[in-house]
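Working notes, structure below.
Please read all numbers here as calculations on a predicted model, not as lab measurements.
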Amino acid sequence: GQQVMQIPQYQHVQEGEDFTTYCNSSTTLSNIQWYKQRPGGHPVFLIQLVKSGEVKKQKRLTFQFGEAKKNSSLHITATQTTDVGTYFCAGADSNYQLIWGAGTKLIIKP
Amino acid sequence: DSGVTQTPKHLITATGQRVTLRCSPRSGDLSVYWYQQSLDQGLQFLIQYYNGEERAKGNILERFSAQQFPDLHSELNLSSLELGDSALYFCASSVFSALSTDTQYFGPGTRLTVL
């Protein structure tokens, strides 16, 4: 079946360093959503990208949707302790059903 | 607070038993989704209901079943429980449209421990 691959599984960074997670689909996506799950919490919606090549920013977070609508990335500039958590992408197939990536866990090194 | 409620918060039971998890969606949301999240793992989509009808099925075991009632709350039934069923079970809700992908609002989850 259709899959959305998300890498890396974990990323350890020093506070202040940048963080990036990538999602790739073998097929074209209708759109892609990003969610954040804080430790001990539940996933919370961050953003949805719909258009080919779309780039959206939320403060230090930059989200991109590839030109072919098969890949997406989330980049965080100058990480802070509040950024800790797991970031999930979820791509929508042709029926608008979400296919979830496995998540990338952001860990801030002390 | 997402507006989605789940009960109970924690559930401890023994292998072979049956449990029921309950979810109340946000006011106005017609669709409910169930997910399983094992320790430090990703979200496994189980099943979606829309306005009382099953809409989509994911990796749901035959021992698991769900339903959505006329008041739109949903229940996930897990039977013949095994140790491997220990996980966090999330419910999410959305308005749902057949022609777009809605934001899903997640509840706080029910942590199931099977001993």
Side-chain angles (χ1 to χ4, degrees), chain A residues 1-12 21 23 25 28-51 54 56 58 63 65 69 72 84-107, chain B residues 1-7 9-10 21 23-26 29-50 53-60 87-112:
Chain A
Q2 193 170 1
Q3 285 189 323
V4 172
M5 305 302 294
Q6 186 172 0
I7 56 169
Q9 189 176 0
Y10 299 93
Q11 189 163 358
H12 295 75
T21 173
C23 285
S25 169
T28 303
L29 300 169
S30 300
N31 58 68
I32 193 158
Q33 296 183 355
W34 285 90
Y35 290 76
K36 176 184 178 181
Q37 183 178 20
R38 292 181 187 273
H42 58 271
V44 175
F45 173 80
L46 293 176
I47 208 162
Q48 176 169 289
L49 305 172
V50 179
K51 298 176 185 175
E54 190 168 14
K56 285 189 177 180
Q58 289 179 350
F63 303 84
F65 200 12
K69 298 182 75 172
S72 182
V84 162
T86 301
Y87 293 84
F88 292 98
C89 65
D93 64 17
S94 55
N95 294 317
Y96 299 101
Q97 291 292 320
L98 287 181
I99 306 162
W100 290 80
T104 296
K105 193 170 186 177
L106 170 58
I107 300 160
Chain B
D1 182 8
S2 66
V4 178
T5 59
Q6 288 186 249
T7 56
K9 281 188 178 178
H10 302 278
L21 312 183
C23 168
S24 292
R26 290 188 327 152
D29 284 358
L30 299 179
S31 196
V32 168
Y33 309 76
W34 285 98
Y35 293 87
Q36 180 192 58
Q37 186 175 44
S38 301
L39 188 62
D40 274 349
Q41 297 296 311
L43 291 165
Q44 296 297 320
F45 168 65
L46 297 178
I47 198 163
Q48 177 197 359
Y49 278 83
Y50 170 69
E53 300 288 328
E54 183 184 302
R55 174 72 173 69
K57 220 168 187 176
N59 299 322
I60 188 165
L88 197 51
Y89 290 84
F90 285 110
C91 166
S93 75
S94 75
V95 173
F96 183 70
S97 165
L99 299 178
S100 66
T101 312
D102 300 303
T103 300
Q104 292 187 19
Y105 296 88
F106 283 76
T110 292
R111 181 167 296 283
L112 173 66

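- Contacts between A:Q9 and chain B at a heavy-atom distance below 4.5 Å are absent for every atom of the residue.
- The residue among A:V50, A:L98, A:T86 with the most heavy atom pairs within less than 4.5 Å of chain B is A:L98.
- The shortest heavy-atom contact between B:G107 and A:H42 is O-CB, 3.2 Å.
- The contact between B:Y35 and chain A is made entirely by side chain atoms (from C-beta outward), counting heavy-atom distances below 4.5 Å.
- Around atom CD of A:Q3, no more than 12 heavy atoms belonging to other residues, nucleotides or ligands sit under 6.0 Å away.
- At distances below 3.5 Å, not a single donor-acceptor pair connects side-chain atoms of A:Q48 with backbone N or O atoms of B:D102.
- Rounding to the nearest 0.5 angstrom, the gap separating the CD atom in A:Q37 from the CZ atom in B:F106 is 8.5 Å.
- Here the CD-CH2 distance, from B:Q37 to A:W100, works out to 10.0 Å after rounding to the nearest 0.5 Å.
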Please lay out, stage by stage, how B:Q104 and A:Y35 fare under the test side-chain contact (heavy atoms from CB on, under 4.5 Å). CA-CA 9 Å; B:Q104 292 187 19; A:Y35 290 76; 3.6 Å; yes

